[in-house]
Every structure is written in C-alpha cells, then in structure tokens.
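Structure record follows, encoded as structure tokens.
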Number of protein chains: 2
Amino acid sequence: MRIPIDRSLTTPLYRQIETWLKENISSGGLAPGTRLPASRVLADELGVSRITVKNAYAGLESDGLILTREGSGTYVMPPTADSTRGSEDDALTWPLWQVEAAGEPQPRVDPGRPQYRHPQLISFTGVGDPRLFPLRDFAHTLQDVLHRDGLSALEYGAFGGGYGPLRETVTHVLASQGIQAHPQNVLITSGSQQALALACQVLLKAGDVVVVEKPTYNMALDLFRFLGLKMIGVPVDEGGMQIDGLETLLQQVHPRLIYTIPNFQNPSGACMSGARRRQLLALAQRYNVPILEDDFVGDLRYEGHGQPAIKALDGGGHVIYVGTFSKMLMPGLRVGYLLANGPIFKRLVDQKQAQDLTTAPLMQRALDRYVTVGRYQAHLRRTTRLYRARRDAMLGAIRRHLPGVRVLPPQGGLFAWLKLPDGLSSLRLLPLALEAGVEFAPGTRFFPLPGEGEPFLRLNFAACTPEEIEQGMLRLGQVLRRMEG
Amino acid sequence: MRIPIDRSLTTPLYRQIETWLKENISSGGLAPGTRLPASRVLADELGVSRITVKNAYAGLESDGLILTREGSGTYVMPPTADSTRGSEDDALTWPLWQVEAAGEPQPRVDPGRPQYRHPQLISFTGVGDPRLFPLRDFAHTLQDVLHRDGLSALEYGAFGGGYGPLRETVTHVLASQGIQAHPQNVLITSGSQQALALACQVLLKAGDVVVVEKPTYNMALDLFRFLGLKMIGVPVDEGGMQIDGLETLLQQVHPRLIYTIPNFQNPSGACMSGARRRQLLALAQRYNVPILEDDFVGDLRYEGHGQPAIKALDGGGHVIYVGTFSKMLMPGLRVGYLLANGPIFKRLVDQKQAQDLTTAPLMQRALDRYVTVGRYQAHLRRTTRLYRARRDAMLGAIRRHLPGVRVLPPQGGLFAWLKLPDGLSSLRLLPLALEAGVEFAPGTRFFPLPGEGEPFLRLNFAACTPEEIEQGMLRLGQVLRRMEG
C-alpha cells in the first residue's frame, strides 16, 4: 500500500496515514471487507514506526471505519450514510486546461430515455441478433487456439497489419465478394469503427469537409464530429447516394473525403446502383478525393443481384474499403479490417500502431480459425435464411399495422427505414413507444445536423423473431393512432 | 461471388468474368484448391446466361488456371511461375491525395536487422517474460466467463468507461498502490498505448509542445511524432526527471503536456524522488499544464520504499494517470486503463468511443475475473520474486563481463540501462552482438531526436533466466572487447 506521506509537513505521519485511509474507505477505493496490512507490515513498507500505523488504525477504529479482530486482522467496515460524499465534479475548481479542453457541451439531439422500462420490451435497436451467435462453437475455437498456439496467442504478435493468416483469410472472404486483394494490403483493426477512425486521422484535419450520405451511420457521424470535421450530407434514395449534385459540391467546397455505405446502407437499407458506383468513382478520380467505403453487411443479401464493391472497380488506389465480421457474428469480437492500396497503406498501419499497437491477438486468431474451418460460411447461410424471413415478417407487419408509414423494402442487411405520416416526429413517438413496450432508433441520430431526420425511424428487423416483430408493430401502430387522433 | 461486370462496356461479359477470375487467381485471392461455383449458380448470381460462364471457365481452363472434374466441380489450380506479378506499389501512379498524405518518409534511426539469426539467440528486448504467464489459468478463466456470462461476454457491453466490475476492480488495485479512485473516473482502454493516444488526442493538436523525459518509452515517442507534436526532452538521472530547468522551460516554450514515467522508468529504470514528484505537480498547477503519468510497472518493486504516484498527490485534476496489466501479465491482453478527474474524463470517454467503441468485452471480463479471484496478486508475488533474482543476476553479470560499462541499478521494473565506454555506439554494437547471439534495444530508440542516445542500450533483464543472463553478458563482453581492441 503506497500511502503518500510527506515528512516535510507539520501534520503528524499517523494523521496523514489515517486521513488517507479514511478518504479511501469512504470513496469505496478500499471496499468493505478489505483486509488492511498488519501494522508491522505497513510500517515497514512506509518506512515509519509501528506505533505510527497503530495510532492511525486506532483513529479509524474509533470512527467505526475499520474493525480489528484479534488473531485475524484488520478489516474495512461498510460505510455509514454520512461518510459517503457528493459528486466531486461539483465541488472543485478545475485547472484552466480542463475547462478549455472540455469545450462546449455537445448539443443533445435525443431526449434522455425514460426511467420506466416495459417488462416485455421488444427492441428494434442494435445490429443483427446476437442470440444467433454460436457461442459454444466459438468457445471451442478459443480453446483450440490456446491449445494450438500456446503463449503466442497472448503475445503482441506481428505488428504492421495484424495476424498474417487472418489477413490472408480476409482476402479469401473478399474474393467471394468480387474484391481482389493481397494480404499485404489488409490491415486488421479493432472493429470497423477503428478502421474509419484511422482513415480519418491519416487523411483529414479539423475543419476539413467530408461528404456523407444523408442519413448515415450514427457512430461515423460521432467520429467526424469528434475530429472537428465539417459534414455535408448528400441525400440517399432507393438507388443510394444521389450522385447528381455531387460534382458541383466537389467543385465548390473541396471535400477531403467521401464516406459511403453502398450496400444495405445503415440506416436506410438502400443499395447504390452499379451506375452510381461507377460515377462516384469517376468523380473521386477527377477531383482527387478519396472514397471511404464502409461495407458492413455486404454479404447479407436476400434477393436480387449484388453490385460490385466500389473497391472492386478501383484500379488506382482511390478507395479505402472497410469491412467487419462483427455485424454478422458478435459486436464484441472487436475485429474489423481495412483494405487500401498505394503509399497510404503504410501510413494507416503506422497510425494503427501508434493508437493501440495491435488488436488483441487471441481474438484475431480465434476469428481466423472460426472462418477457416468453414463455420463462418455456415453461420452466414443460416443467418441469411433467418433474417430474410424476419425482413418479410417486418414488411408484412408494417403494411398491416402502420398505414400511412412509408418504408423502402431492403434487399438485404439489417434495417428497415420508416418515414412517419406528415407532421409526426420520431422523437415524440419514442417515449410513448417505450411505454407501450417497443423501442427503435429515432431518425435524428443518423443526420449530420441537429433538427434533421425527425420524421424517420430505424428498425433492426434482424433482432427479433417474426412473432416479436408482429407484436412490436402492433404496439407501434396503436401508439401512432393515439398520436394522430 | 460478386464479380463486377459492366454491361455498358464493349468487352464481352464472358471475357470480363474470365479476366476478373484470372487476376484473382494469380493474386492469390482465390487460393489453389478453391471450388468455383457451378456455372448455373454463378450465372444466376450475376444475372447472365449459363453459356457466358461456361465460356469464361473454358478460357481459364485452357490457360491451366482451373480444372473441371466431371461430377465433382471446378477448382483453382496452383499458380505457375509466370502468373505471379510484381509489387503493385512500383507500377502505378497513385492519386495526388495519396502522395500528399504519405508525406515525407520518417527518418530511420535504427539500421535494419541483419538477415542472419543466431541459432541460440539470447534476447533482452521486449517487456518482462511472457513465458511466466499462467496460460492454463487464463484459459480456464476464459471458459468460466463464457459459461457464467454467455452471450453477454461477446456483445458490445457498456460503452462509456468499460465493463463496470473491471472498473471497480481497477480502483481496488489502485488503492493497494496508494491511489484513491472512484470507478466512475476509470476508463478501460485497449492497452496503455491507447490511453496515451486518447489523452493526446483530447488535449493536443499538431504543432503543440510536449515535455518528455530523455530517454523515454519509444512507443510514446512514436505516438507523439505521429500526432505532429514537438517534443522537448528533459534529462533523467537516478532521481527521475530533472525538475530544475523545467520552470524556465514552462515559461518559455509553453508546453501543453508533461509526459512522465515516475516508477522504474522505461528505459532508464529510474524512480522519481518524492520531492521531485511534488515539485512537478506544483509546477504543473502553477503553469496550467496537464501531467500524463504512465505507471506501467509501478507495483513491481524489489527493494526500498515506494513513492506515491503523482496522481495520489493530486487533489485538483492535474494528472491523467495511465496503468496496465499487460506488462505484468501478457502484452496480448490489450487491456489498460486511465484515471482522470474533472470534465476531461467525459471527453476521454467520448474519444474512446469514437475511436473503437469499446475494448473487447471478453478480454475485459476475463481480466476482471482473473484479478478478482486473487490470481493476479499471486502471479505478481511470484513474478516479483523471480524478476528480483534476474535483476541481481544481471547486475552481477554486467560487473563481471562488461567492465567500463555504467549502469543505474534499478530498484524494480524490467529494465537495466547501460552506458557504453566512451566512443562506442550501441548502433554499431548491435549487428555484431546479434552475430554473437545476443540482442538488445539500442538507446537511440528512446530519445526524441535522431542522433541522440547512441552510447546507451536497454536490457530487459526480466526476459531471461539467470543462466541466459550470464551467457548473454559473457557474449556481449566479448563483442565489446573486440570493438575496443
């Protein structure tokens, strides 16, 4: 126990020790039941006499904070009501640099979630259905890897791109999606979020302009806001980002990045048409702007023909492609990847290393083994079948229970994007819906500017069984009728 | 297989498919032995006629790239010598933004490691001894957690600080080191490297000045370089950072951050004296500069009395404290933490979330359980005993085999920091040492400016058994005598 004592002070040492222990006990840092060191041991550690420590302990004992049991030891007692203190954040004057760095509080777009929680809440938030994850298979895979690789599975492993076999496995997965890649152009990241962050950090600085789809992935918007980027939104329709006005934008505001989710877009579910993919790439080339392509569920298609990734059309290093296994498996894996060609790749690798050295090697190895032995493909097939049925159930239930609501039928992915009847707000709907036992993500989260997106809401249809979907839409329809009436 | 085909081109569809597959096979994206989809299936997927696919396959087969076995399927053949292509990075003209972002190549301080590898290399690089990690215990802990928590162990879990029980466990570990902390001021990070990165990203912008110890941790220097920070080094002696000249520096160059490793510093092994800790904190307060305190092995003491962490003396939110379990357990865990008070904490949490959402929940839960059931404390005691013996062996072997070399005897931690006799360079020593079968980290890695630190080298004495240490220093002594003679 390294208790800070200062011999230059006039406060006696026993008092310094007593005060420190007292504060630490009432803060909870020393939990009730914690055994304190014997006075002889602590005296030795601190370089003070044993009587000094005994004095300190005596003071604490008379305050009822500790209890000495002869022959057993000295223990921290549960705190009494008056020993707990209020929030420290109110009490102090913080250094000026703290006040500066904390900056302006972010505007709060969404209202706080009400305290009340419906006992049978049906939630359409989140991504996919974590309940489908084959936990037993994955637990076995972890044990296989620890048995096979021993301690190497817990050392740093290779910096500079990630675990070699996983980088190669990623190229095989990409090949099945029409993207030709070399392992040496694959960088393993801590989820796709980190891949987005790395690309931004390497390419952009605060004040730069980034083109985003409108609506788009809320965590990407949070990231852009955090980096102090200016966002310009280009509307999305059923053919993806509307490319028409983009050229004027590129000429006038000189954005430094175009962020797009071409497949089963989050949140709109839209797929960018092949023609638009080619136009977008041509514009990026002409105006010297990199494309950041986020393909988070590109292989989760329920019907129709897939379009090639923009990266697959890119022969000249214009596109940084970001993918992940998390959305199909478990978000908590925290393993994603990016694919980039040209000198920028080395910069991305260096940036990754500066940020966190490497992604947990055990998770990289387990994921690689899981995919390699064919479990991922089997899981994907099974999941696709299930999610397709859920999408159909969702579209049917919306038709039945939500007249007046417009929806873009998604051909794949996880999300249905709904537009409420004129005059209705998803922000005002949410608390009533929660009360009725149904949860969704209000549209405002997915727009770059506050105030946009109120008529919209996003449903993760993949999260729930057809029965839950039916029940959830029934509840939502009842709430809507109440709001309209 | 989402092969990109473009109906607007004059190139026939079968040729587009053939070309794409050909490139993908020769790049290795489609590995030898991969089974291609049946022509009917692929035709259906791409929305082309079956004869188109058959034509494409026929072309590939006549080139020897695939093989069709009747009744079995179509398979990719191993590539021939002339089908492999050279490095793409030489061949292409990259977009202008790539050339700009790639920027100037970093100066290369260390020479490349020679190809030759000694069959019985004794390496004093790295941190600690990964061989001591109780792999079986940890594998059991992982299974316990998966069994106990089920799917929750692989969901996102709580954003905003990390896994609650682990945040609390961290405060208990900190309490035993004299630091009073509330769980709500603890942020779990992906290793201590990410904690350093988050603090810099929240507090600094490119061009800002940061005060570092000279020498200091090389990966922190890499991070600062990456962020475009200007580094000013303050020399370290056996009492840690030399505070004397710091006030002038604070007045003249207005640094925005002071980075310090007060305990068993990496690489020097020095411990900052109690008086200097208080002086440093007082200066930070007076000049409104945050302290980033990196306590990577503070609990690994072999003798003497520990000094309180600077954070333990800080009542006003001037210090951001960074800790980790990685150095004592396994680097590959990738779990660290930071402790901060005041409004800056919320900013750090938000920054973490923008960067990678959350640190792998399974690793957080496993680490928490490992520490909570007392295995960490037991491992720490055992490791301390072993490492102390290794430190003693190292100091003895240096005395015996390296006359003329100066060393600061470390009271804890992992490193011995050596100064070579006048005129000798650790950079020139390294290739000869490797040839003789001994490896170390040359001092140049640990200085902010190129050209500094050549007379120094760092030895991770904790990595090797006393016998290996004896043998390693014997070899190093022989090489040194050859260089001097």
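Scope of the values below: all heavy atoms of this structure, side chains included, with no hydrogens, waters or symmetry mates. Lettering of chains follows the sequences in order, A, B, ..., and the numbering in each one begins at 1.
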Going by atom types only, do A:Gln355 and B:Gln201 share a side-chain donor-acceptor pair under 3.5 Å?
yes

Counting heavy-atom pairs under 4.5 Å with chain B, the top scorer among A:Ala312, A:Gly47, A:Ser8 is A:Gly47

Engaged part of A:Ala181 at the chain B interface, taking heavy atoms whose separation is under 4.5 Å:
backbone

For the residue pair A:Pro361 and B:Gly332, what are the closest heavy atoms and their distance?
CD-O, 3.2 Å

Where on B:Leu146 is there a heavy atom nearer than 4.5 Å to chain A: the side chain, the backbone, both, or neither?
both

Applying a strict 4.5 Å limit to non-hydrogen atoms, the region of B:Ile344 in contact with chain A is both

Part of B:Ile5 within contact of chain A (heavy atom distance under 4.5 Å):
backbone

So which atom in A:Leu30 and which in B:Ala175 form the shortest heavy-atom distance, rounded to 0.1 Å?
CD2-CB, 3.9 Å

Sort B:Ile179 into side chain, backbone, both or neither according to what part of it lies under 4.5 angstrom from a heavy atom of chain A.
backbone

Taking the side chain as everything from C-beta on, heavy atoms only, tell me whether A:Met219 gets closer than 4.5 Å to B:Gln353.
yes

Check whether any side-chain heavy atom of A:Pro308 sits under 4.5 Å from a side-chain heavy atom of B:Arg2, and report yes or no.
no

Closest heavy-atom contact between B:Asp6 and A:Arg278?
OD2-NE, 2.9 Å

Contact origin within B:Phe138 toward chain A - heavy atom pairs under 4.5 Å:
side chain

Residue pair A:Asp356 / B:Gln194: nearest heavy atoms and the distance that separates them:
CB-CB, 4.1 Å

Please report the interatomic distance CG(A:Leu227) to CD(B:Gln351), rounded to the nearest 0.5 Å.
7.0 Å

Does NE2 in B:His140 sit with more than 12 non-hydrogen atoms of other residues, nucleotides or ligands closer than 6.0 Å?
no

Selection from A:Pro95, A:Gly306, A:Ala206 maximising heavy-atom pairs under 4.5 Å formed with chain B
A:Pro95

For the candidates A:Gly274, A:Gly191, A:Ala309, A:Pro130, which exhibits the highest count of non-hydrogen atom pairs separated by less than 4.5 Å from chain B?
A:Pro130

With a 4.5 Å cut-off on heavy-atom pairs, point out which of A:Leu135, A:Leu21, A:Val202, A:Ile3 contacts chain B the most.
A:Leu135

What part of B:Glu23 lies closer than 4.5 angstrom to a heavy atom of chain A: side chain, backbone, both or neither?
both

Please state whether the side chain, the backbone, both or neither of B:Gln184 comes within less than 4.5 Å of a heavy atom of chain A.
neither

With rounding to the nearest 0.5 angstrom, report the NE2 to CD distance, B:His305 to A:Glu45.
9.5 Å

Could you give the distance from CG (B:Asp350) to CZ (A:Phe226), rounded to the nearest 0.5 Å?
4.0 Å

Test log, rule side-chain contact (heavy atoms from CB on, under 4.5 Å), inputs B:Leu142 and A:Leu362:
CA-CA 11 Å; B:Leu142 274 175; A:Leu362 178 60; 3.6 Å; yes

Which portion of B:Ser190 sits near chain A, non-hydrogen atoms under 4.5 angstrom:
both

I'd like to know if the side chain of A:His318 and the backbone of B:Trp94 have a donor-acceptor N/O pair within less than 3.5 Å.
no

By a 4.5 Å heavy-atom criterion (distance strictly below it), what part of B:Arg256 contacts chain A: side chain, backbone, both, or neither?
side chain

Testing the basics here: between A:Leu333 and B:Ala360, what is the closest heavy-atom pair and its distance to 0.1 Å?
O-CB, 4.4 Å

For the side chain of B:Gln180 and the backbone of A:Gly29, is there at least one donor-acceptor N/O pair under 3.5 Å apart?
no

Only residue of A:Leu154, A:Thr359, A:Leu357 satisfying side-chain contact (heavy atoms from CB on, under 4.5 Å) with B:Arg334 is A:Leu357

Just give me the residue among B:Pro4, B:Ala197, B:Ala195 that pairs up with chain A most often, heavy atom to heavy atom, under 4.5 Å.
B:Pro4

Is it the backbone or the side chain of A:Val289 that comes under 4.5 Å from a heavy atom of chain B, or both, or neither?
backbone

Identify the two heavy atoms, one from A:Leu223 and one from B:Ala354, that lie closest to each other, and give their separation to 0.1 Å.
CD1-O, 3.5 Å

Okay, B:Leu348 and chain A: the region with an atom under 4.5 Å from a heavy atom over there is neither

Can you confirm whether more than 12 heavy atoms, excluding those of B:His147, are under 6.0 Å from its NE2 atom?
no

